[in-house]
Amino acid sequence: MATDVPRTVELGTRVVTFPSVELQQLQDSNHLLGNTQALRDKLHEQGYLFLRGFHDREEVLQAREAVIRYVASGGNGKIMEPATKGVLDSRCGIGCIPFMEGRNDITHTEEVIRVLEGPRPKKFFKELFGSESITFDYKWLRGIHRRAFTGAHVDNVYMGRGSQNLVTLWTPFGDVNVEMGTLCMCEGSHKLEGFKRFQETYGSLDVEAANLKGSGWFTHDPDEISARFGGQWKTTDFKAGDVLLFTMRTVHMSTSNLTDFIRISCDTRWQPASEPVDRRFMGRFDSKHDVQYGLYADSDKVLDSVTMETLRYKWGI
Ligand SMILES: O=C(O)CCC(=O)C(=O)O
């Protein structure tokens with residue numbers, strides 16, 4: 001699909017035109033590859049880097065097929081034939097795609113781990129950090145069905161107990177266009193003055209320590225971020241192999257999946273090996289009962305909990 005022809009997409013609770021003033025086109029930073037300081041400066045300036053062709057395209061497509069086979073083998077017939085196309089039964093909703101986050105048989109299957117922990121990300125992060133790098137064992141591997149999306153948040157609220165230089169690497173498994181649910185960056189949100197109070201309050205929250213009930217997202221409405229605090233929402237159509245990497249303080253969310261194609265992606269986390277590690281994400285995890293936050297949040301489970309509404313009222317934002 002031509003990227004310059006405006007299309008109607010959904011960003012959280014908003015129907016928006018893409019590309020438009022509200023949701024602009026991401027520009028890649030491939031021209032900076034080979035100049036580590038320029039990459040660091042760009043990450044610091046924008047809060048993210050968008051890199052095309054970071055992974056090997058064929059390896060990403062093989063990983064995608066492995067995940068689709070895993071989802072289809074669930075035996076509930078929710079993936080239509082031929083399975084490789086990744087078309088879901090149009091009735092598919094929460095629960096029809098197995099929960100795949102953690103360190104488990106699918107995240108660490110050969111085809112998937114080859115992409116997630118292969119020589120390319122290892123070399124890239126070693127150069128970016130200027131030291132040996134490590135990645136969490138926990139992998140946020142997701143299959144997203146029609147109408148699902150991720151609300152606006154910063155990652156620090158979920159994994160802020162270790163290195164302050166932790167970086168998220170978002171890898172779409174396959175060609176993922178904006179109508180299938182792409183990740184959107186709020187450029188500048190990690191450091192613009194308008195976000196000061198937001199970062200001092202919400203951005204510094206530890207959702208687990210606070211006993212937060214729900215997803216941990218600040219809002220479902222992108223305008224509540226950009227109109228109140230500033231920043232610029234950006235996304236693009238991704239090709240298999242492309243990635244986004246961003247800081248723990250960069251506000252991001254996803255567009256809704258408006259199709260019956262399963263949107264498969266994985267977030268991995270990288271940091272300098274010598275810095276403190278958030279131990280919650282090292283080890284083996286394979287059961288759904290660990291899930292508290294994000295799209296699969298089970299809100300009734302957290303005892304003595306608070307809600308995001310209560311916290312926002314207290315913070316005055
Ligand atoms: O893939 C998504 O929908 C959300 C990913 C995300 O929020 C993250 O990478 O931190």
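Both counts, for ligands and for their atoms, begin at 1 and track the order of listing. The figures here come from the full heavy-atom set of this structure, side chains too, leaving out hydrogens, waters and symmetry mates.
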Structural part of [X] in contact with ligand 1, heavy atom criterion under 4.0 angstrom:
X: L183; answer: side chain
X: R263; answer: side chain
X: W217; answer: neither

Ligand-residue contact atoms, ligand 1 with [X], heavy atoms, under 4.0 Å:
X: D155; result: 10 (O)
X: T168; result: 9 (O)
X: S265; result: 1 (O)
X: R269; result: 8 (C), 9 (O), 10 (O)
X: T150; result: 2 (C), 3 (O), 4 (C), 7 (O)
X: D267; result: 5 (C), 6 (C), 8 (C), 9 (O), 10 (O)
X: H252; result: 6 (C), 7 (O), 8 (C), 10 (O)
X: W170; result: 1 (O), 2 (C), 5 (C), 9 (O)

Will you find, in the side chains of T268 and T135, an N or O donor that is under 3.5 Å from an N or O acceptor?
no
Between H252 and D155: side-chain donor-acceptor atoms closer than 3.5 Å:
yes
When you measure from the side chain of D260 to the backbone N and O of V87, does any donor-acceptor pair fall under 3.5 Å?
no
Does K78 offer a backbone N or O that forms a donor-acceptor pair with the side chain of R91 under 3.5 Å?
no
Closer than 4.0 angstrom: is that true for some heavy atom of [X] and an atom of ligand 1?
X: F246; answer: yes
X: M248; answer: no
X: H153; answer: yes

Who else is in L39's hydrophobic cluster (ILVMFWY, side-chain heavy atoms under 4.5 Å, direct or via others)?
L32, L33, L43, L49, L51, F54, F124, F125, L128, F129, V167, L169, V243, L245, W270
Shared ILVMFWY cluster between W170 and F149, side chains joined below 4.5 angstrom?
no
Cation-pi check for Y202 against R312: NZ or CZ below 6.0 Å from the six-membered ring centre and within 45 degrees of the axis, yes or no?
no
Can you find a pair of side-chain heavy atoms, one from V112 and one from M100, that are under 4.5 Å apart?
no
W140 vs F136 aromatic rings, parallel, tilted or perpendicular, using cut-offs 30° and 60°?
tilted
